Amino acid sequence: MVQLWKLVLLCGLLAGTSESLLDIRGNDVLRRLISGLERGLGTFDSTIEIIFQNLKTELESRCLNDVVEETQQTENSLEGLISRIFQVVNRLTGVRIRNVQVPDITFEATSENSADVSIPITADVTVSLPLLGEIVKLDLNVDLQTSVSIETDAETGDSRVVVGECPNNPESISLTVLHRRPGLLNDVVDFGVNLVRQLVSSVVQHELCPRIRELLESLDTECIKKLIGEPQVTTQQEI
């Protein structure tokens, strides 16, 4: 038997009086996501932690070389981690984010001991609603940005790795509508787009940025120096 609230939602969508009903639906989805993020998405899927530890080990092993050469392995490992995270997000929210790609990871040296770090992420997103099914398909682009530097204690002479903030900037999340269900009101499509923006923003803030920070902080100063390379205005070093 179809639940009453689903029938009410469908009637509201057809009649154009669905704004408050969509708000209730969106708030419920985000509530479930935030609850999951507070617990830690790794508690829903232990593979997330396994992939993350393997990524750290892979980076550390590459840093044993005199020069950290360009390779797809790091990007592929990070893609696997992010894909697994979004699989858990799908289980919690019903929003499907797949075909995750990390084109490159760049360290742009700003001085001898510091660099800006950029991690672009692309993916395909599908938003569905009860009874209606898929309402919109989106192209997602996220640009994670942070910085890393090596600071030396003036008294002890000891050096340490310092990772900057990973700002959760809404402008860093780009969404493009690839397909929308015919006949839907613009308000419904806008609901789907805004829901994904809030969802991705929460995942970036509570899951992706903390893991990038932990990953960089796990590397020693010599490894970070190799990743930073020489400060050049027009050259970026990829890992």
Side-chain angles (χ1 to χ4, degrees), residues 26 29-30 33-34 36-37 41 48 51-52 55 70-108 110 115-129 134-148 163-181 184 186-216 227 234-239:
V29 168
L30 292 173
L33 174 64
I34 294 300
L37 289 170
L41 298 189
I48 289 177
I51 296 175
F52 184 58
L55 177 60
E70 296 181 8
T71 176
Q72 267 306 115
Q73 187 171 350
T74 302
E75 284 85 351
N76 292 341
S77 298
L78 191 55
E79 286 174 3
L81 174 67
I82 298 171
S83 295
R84 204 74 185 193
I85 287 172
F86 281 134
Q87 286 177 26
V88 176
V89 171
N90 177 225
R91 285 160 51 189
L92 292 172
T93 68
V95 176
R96 187 172 60 190
I97 303 177
R98 58 183 182 175
N99 297 332
V100 173
Q101 295 184 19
V102 179
D104 55 20
I105 306 172
T106 58
F107 282 69
E108 185 175 0
T110 54
D116 291 331
V117 184
S118 178
I119 305 174
I121 302 168
T122 66
D124 299 329
V125 186
T126 302
V127 183
S128 301
L129 282 177
E134 295 181 359
I135 62 170
V136 64
K137 291 185 177 180
L138 306 167
D139 177 57
L140 169 66
N141 286 271
V142 183
D143 189 13
L144 297 184
Q145 295 184 341
T146 186
S147 62
V148 64
V163 181
E165 293 297 319
C166 178
N168 185 22
N169 187 351
E171 295 181 356
S172 68
I173 301 174
S174 173
L175 292 166
T176 303
V177 176
L178 300 178
H179 176 75
R180 53 183 289 173
R181 187 183 180 99
L184 281 185
N186 289 334
D187 286 348
V188 181
V189 176
D190 291 343
F191 160 79
V193 174
N194 292 332
L195 177 63
V196 172
R197 190 178 302 279
Q198 294 178 71
L199 183 152
V200 172
S201 178
S202 295
V203 174
V204 167
Q205 179 180 358
H206 297 285
E207 188 72 24
L208 296 184
C209 280
R211 289 193 180 275
I212 296 302
R213 171 182 288 276
E214 182 179 345
L215 179 64
L216 293 173
L227 292 172
T234 59
T235 301
Q236 292 182 331
Q237 175 149 346
E238 298 183 357
I239 68 168

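Just so it is clear, the structure is predicted and the values come from calculations on it, not from any experiment.
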Engineer: Under a 4.5 Å cut-off applied to non-hydrogen side-chain atoms, are Leu175 and Val200 in contact?
Structural biologist: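 A side-chain contact is absent here, since even the closest heavy-atom pair is not under 4.5 Å.
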Engineer: Hey, are the side chains of Ile212 and Val117 touching, using non-hydrogen atoms and a 4.5 Å cut-off?
Structural biologist: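 No - every pair of side-chain heavy atoms lies 4.5 Å or more apart.
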Engineer: Show the nearest heavy-atom pair for residues Glu134 and Arg96, with the distance to one decimal.
Structural biologist: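 Nearest pair, atom of Glu134 first, then Arg96: OE2-NH2, 3.3 Å.
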Engineer: Which heavy atom of Pro120 sits nearest a heavy atom of Pro103, and at what distance?
Structural biologist: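 The pair with the smallest heavy-atom distance is O-CD, 3.3 Å.
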Engineer: Do you know the tightest heavy-atom contact between Val136 and Val189?
Structural biologist: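 Where Val136 meets Val189 most closely, the heavy atoms are CG2-CG1, 4.2 Å.
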Engineer: How far does CD of Gln145 sit from SG of Cys209, to the nearest 0.5 angstrom?
Structural biologist: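 Answer for the CD-SG pair, Gln145 versus Cys209, is 10.5 Å.
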Engineer: With sequence neighbours left out, write down each residue that passes side chain to side chain donor-acceptor pair (under 3.5 Å) with Gln87, or none if nothing qualifies.
Structural biologist: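 With sequence neighbours excluded, Gln87 shows a side chain to side chain donor-acceptor pair (under 3.5 Å) to no residue whatsoever.
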Engineer: Determine yes or no for a side-chain-to-main-chain donor-acceptor pair under 3.5 angstrom, with Asp124 supplying the side chain and Asp139 the backbone.
Structural biologist: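 No.
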Engineer: What's the verdict on side chain to side chain contact (heavy atoms under 4.5 Å, CB included) for Val89 and Leu33, showing C-alpha distance, side-chain angles and the deciding distance?
Structural biologist: CA-CA 7 Å; Val89 171; Leu33 174 64; 4.2 Å; yes
Engineer: So, using side chain to side chain contact (heavy atoms under 4.5 Å, CB included) as the criterion, who are the partners of Arg213 when residues are at least two apart?
Structural biologist: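 By the side chain to side chain contact (heavy atoms under 4.5 Å, CB included) rule, Arg213 matches Val163, Glu165, Glu217.
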Engineer: Is Ser172 reaching over with its side chain to a backbone N or O of Val142, donor-acceptor style, under 3.5 angstrom?
Structural biologist: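 Looks like no, no N/O pair under 3.5 Å.
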Engineer: Work out which heavy atom in Ile48 is nearest to a heavy atom in Leu41; give both atom names and the distance.
Structural biologist: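 Reported closest heavy-atom pair: CD1-O, 3.7 Å.
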Engineer: Just so I know, are the side chains of Phe52 and Ile85 near enough to count as touching, which here means a heavy-atom distance under 4.5 Å?
Structural biologist: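 No, side chains not in contact.
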Engineer: Does the side chain of Ser77 reach to within under 4.5 Å of the side chain of Ile51, using non-hydrogen atoms?
Structural biologist: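 No; the side chains remain at least 4.5 Å from each other.
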Engineer: Are the side chains of Ile82 and Phe86 in touch, meaning some heavy atoms are under 4.5 Å apart?
Structural biologist: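 Yes; the side chains approach each other to less than 4.5 Å.
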Engineer: Hey, what do you get for CD1 (Ile119) to CG (Leu215), rounding to the nearest 0.5 Å?
Structural biologist: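 Result: 7.5 Å between the selected atoms.
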Engineer: Is the shortest heavy-atom distance from the side chain of Val88 to the side chain of Glu207 under 4.5 Å?
Structural biologist: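 Heavy-atom side-chain distance check fails, nothing below 4.5 Å.
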Engineer: Would a distance-only check, ignoring hydrogens and angles, find a side-chain to backbone donor-acceptor pair under 3.5 Å from Glu75 to Val102?
Structural biologist: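 Looks like no, no N/O pair under 3.5 Å.
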Engineer: With side chains defined as the heavy atoms from C-beta onward, is the minimum distance between Leu30 and Leu195 less than 4.5 Å?
Structural biologist: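 Heavy-atom side-chain distance check passes, below 4.5 Å.
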Engineer: Any non-hydrogen side-chain atom of Thr126 less than 4.5 Å from a side-chain atom of His179?
Structural biologist: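 Thr126 vs His179: side chains apart.
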Engineer: Within the side chain of Ser201, is there an N or O that forms a donor-acceptor pair under 3.5 Å with the backbone of Arg197?
Structural biologist: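 No; zero donor-acceptor contacts below 3.5 Å.
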Engineer: Drop me the distance from Leu37's CG to His206's NE2, to the nearest 0.5 angstrom.
Structural biologist: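 Interatomic distance, Leu37 CG to His206 NE2, rounded to 0.5 Å: 6.0 Å.
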Engineer: Hey, what do you get for CG (Leu129) to CD1 (Ile135), rounding to the nearest 0.5 Å?
Structural biologist: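 Reported to 0.5 Å precision, the distance equals 4.0 Å.
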Engineer: I need the single residue from Ile97, Leu78, Val100 that forms a side-chain contact (heavy atoms from CB on, under 4.5 Å) with Ile121. Which is it?
Structural biologist: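 The side-chain contact (heavy atoms from CB on, under 4.5 Å) with Ile121 is passed solely by Val100 among Ile97, Leu78, Val100.
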Engineer: To the nearest 0.5 Å, how far apart are OG1 in Thr93 and CG in Leu199?
Structural biologist: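 One gets 5.0 Å once the value is rounded to the nearest 0.5 Å.
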Engineer: Is there a side chain to side chain contact (heavy atoms under 4.5 Å, CB included) between Leu140 and Thr122 once you walk through the steps?
Structural biologist: CA-CA 5 Å; Leu140 169 66; Thr122 66; over 6 Å; no
Engineer: Where do Ile34 and Ser202 come nearest, in terms of heavy atoms and distance?
Structural biologist: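 Looking at all heavy atoms of both residues, the shortest contact is CD1-OG, 3.8 Å.
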Engineer: Is there a side chain to side chain donor-acceptor pair (under 3.5 Å) between Asp143 and Asn141? Walk through the geometry before answering.
Structural biologist: CA-CA 7 Å; Asp143 189 13; Asn141 286 271; over 6 Å; no
